[in-house]
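The structure appears right after this line, and notes come after that.
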Protein chains: 2
Amino acid sequence: MLHVAEAARVSVATVSALINGTATVSPELSQRIEQAIRDIGYKRNAIARSLKMGTTRTIGLTVPHITNPFFTDVVSVIQQAFDRAGYAVMLCCTDEHLNTQDDQIRLLLDRMVDGLIVARVGDGAILKRIVDDANVPVVLLDRVCQGVDTDAVVLDNQRAVFDAITYLIDLGHRRIGYISGSFDISPMHDRMAGYREALQAAGLPAEPELVRFGNFHEVDGYNATMQLLSLHDRPSAIFSANNPMVIGTMKAIRDIGLSCPEDISVACFDDFPWSDVFRPQLTTVAQPVQAIGEQAANLLLDRLAGNRDAPPRKLTLKGRLMIRNSCRPLGATAQSVSA
Amino acid sequence: MLHVAEAARVSVATVSALINGTATVSPELSQRIEQAIRDIGYKRNAIARSLKMGTTRTIGLTVPHITNPFFTDVVSVIQQAFDRAGYAVMLCCTDEHLNTQDDQIRLLLDRMVDGLIVARVGDGAILKRIVDDANVPVVLLDRVCQGVDTDAVVLDNQRAVFDAITYLIDLGHRRIGYISGSFDISPMHDRMAGYREALQAAGLPAEPELVRFGNFHEVDGYNATMQLLSLHDRPSAIFSANNPMVIGTMKAIRDIGLSCPEDISVACFDDFPWSDVFRPQLTTVAQPVQAIGEQAANLLLDRLAGNRDAPPRKLTLKGRLMIRNSCRPLGATAQSVSA
DNA sequence: AACGCTAATCTAAACGTTTCGATCATGTCA
DNA sequence: TGACATGATCGAAACGTTTAGATTAGCGTT
């Protein structure tokens, strides 16, 4: 900018004024300056600007796994929204790992991001501390955590799973296996609650042996399913609480020589693009990813626009049960006998 | 840092020296300074540091669509690699749109990213200009473009498609439909070349009516497949040059009342996690996503480590044909007759 | 002619670091 | 004892912006 100023025989203040339109500058100087900018090929240094302004027009986004299709979609939507608004987004993947996550959030804050969208793992104590003294607006995505009282957009997980399990019960299933993610994130609590609620509403017992826990990965779903399928009185249906794990479920079913839905019904949380075209077409709980991403972006953009003091807003969206053909009615049809 | 210096009754220079280990500071002062840092909760401002140092420890990554599973995986790998190396990554999605992409690259350069990984759309002229005068190392991902002579990691697309088409021919297919992405990116050229080469090697004619173009999206695959299937003498197999489009292909096959592989064989480029568990299990060309991501990251990290003047390196990796059961042998089996 | 008002421009301080060279005490050697 | 190397510490400039306030010029009023 100094060079531009010299070339145009004006002060840097005038150049700045012209570039930012913060003050009127005469047509004559404007022209000289614009010419100089072109000649020199000047580009404003956003870092220097950030330092002075205290704002980077950059936000941080942390998710556990970008390869989980739910997060893939949400990240995509959020990225687009901030792109439109002229913000850059720094992406971090925490791999569901607590320390990694805290490090990454610190890294983002060091870089002075203007805001943060966080799909949090673990409890919120540290997050709260980190964020409080950075004084940066945060919106929680997909997961709330106690102790952190900020904007959030989540799903009504309990209701969504309630609907799915009730659907299975209505089909005649009585023993329904449930594969949960680990309990240190809020949705897993709520989804489990939905499962229990549905059983209870139907007067079915909650059998501990039908509930398994995994760590969100395919292999966990595989192992859990293997265990469920080797039960003495095995379930006629399995519900998997997330998407990567259901792949493991399907692999286990295949490996054990059963088929879905003939021998066992399967449903899961999170829809994916292929669910319509391959067999079995999986019955899923679809999250409104577009809305989730947009709402999260809007909440943060609103804060960034200056609305800092409004009380925390928590948006709860509804899931949608996508009924396809991976669950069969029990009754006249041959119910699989215990192995 | 000023506050820390005051609290510890030292100069800022000493604080900086201690933090960065750039000079020895006495145990006594070290302790005072560290105490002050803790008391104040001091965090170094990375923006100010970047301004002074001329490096941001941030890289830019642009891909067309993060929802394309190939890019999802590659982005994930790249993100992890730079995370390990202490770099942040800014992610942009260009939506295969040329102007968007140039804007985004400029945005990234304004923010003084230290390097760029680009899955480029369109020709390289502008990219070259932009990058030349920013003087930032660039590695091209998945796609090379003429005029830009930098590090790159790509697939041997021609060979990969050659293998896939040859496989179909060996199964007895003679009329093989080919759905290409638009030609403004290099891989689509090469894949088409592989298709033609395989036909030629088998002495089969290259029939223009069997080749369709789409714009990478599911809907394009759908439309292209509809056209292929309504040909007077319709193909017995279809190869789709990317993953989102093959979903469209499968939907079209379903909607028209055919089934795969009984009535028509399907194969495509890019593997995905579900390909193993649902029926039909799609025969695909799998790209070594892990290697691609790592190599790209390594090339850039090497440049960032100071190796600026080495000649451009171009890495070509091999695809792998994953044979499953979406393609059936023709012969004794009922070949679908023309509609 | 003196005054004030407005518009255009400029000077200089600030943002929070890093780093070069200067300063100063201390110990070593001739 | 003086000269000098050594090691620790500091002062101040620099990175490239923004911006408050000062300055200047032009112009209409009284």
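In what follows, every chain begins at residue 1, and chains take the letters A, B, ... in the order their sequences are listed.
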Query - Residue pair A:Q35 / A:R38, side-chain donor-acceptor N/O under 3.5 Å - result: yes
Requested in this report: Determine the contact category for B:M1: base if any of its heavy atoms lies under 4.0 Å from a base atom, sugar-phosphate if only primed atoms, P, OP1 or OP2 are that close, otherwise nothing.
Outcome: base
Query - Minimum heavy-atom distance between A:L155 and A:P288, given as atom pair plus value - result: CD1-CD, 3.5 Å
Query raised in the report: Nearest heavy-atom pair of A:V136 and A:D114: which atoms, and what distance?
Result: CG1-O, 3.9 Å
Query raised in the report: Nucleotide range of DNA chain C contacted by chain A, 5' to 3', under 4.0 Å to a heavy atom?
Result: C:dA8 to C:dG16
Query raised in the report: Do other residues, nucleotides or ligands put more than 12 heavy atoms under 6.0 Å from A:Q31 CD?
Result: no
**Report entry** Residue of the set B:I40, B:N45, B:I19 for which side-chain contact (heavy atoms from CB on, under 4.5 Å) holds with B:M1
**Finding:** B:I19
Report task. Calculate the interatomic distance between B:R49 atom CZ and D:dT17 atom P; express it in whole Å. Result -> 21 Å
Query raised in the report: Do the two ring centres, one from A:F183 and one from A:H189, sit under 6.0 Å apart?
Result: yes
**Report entry** Option among B:T94, B:D95, B:T72 that satisfies the side chain to side chain donor-acceptor pair (under 3.5 Å) test with B:H65
**Finding:** B:D95
Report summary line: Exactly one candidate in B:D102, B:D184, B:D142 meets salt bridge (Lys or Arg N to Asp or Glu O under 4.0 Å) with B:R120; the answer is B:D102
**Report entry** Positions of residues 7-35 of chain B (non-hydrogen atom under 4.0 Å from DNA chain D), listed by number
**Finding:** B:R9, B:V10, B:S11, B:A13, B:T14, B:T24, B:V25, B:S26, B:L29
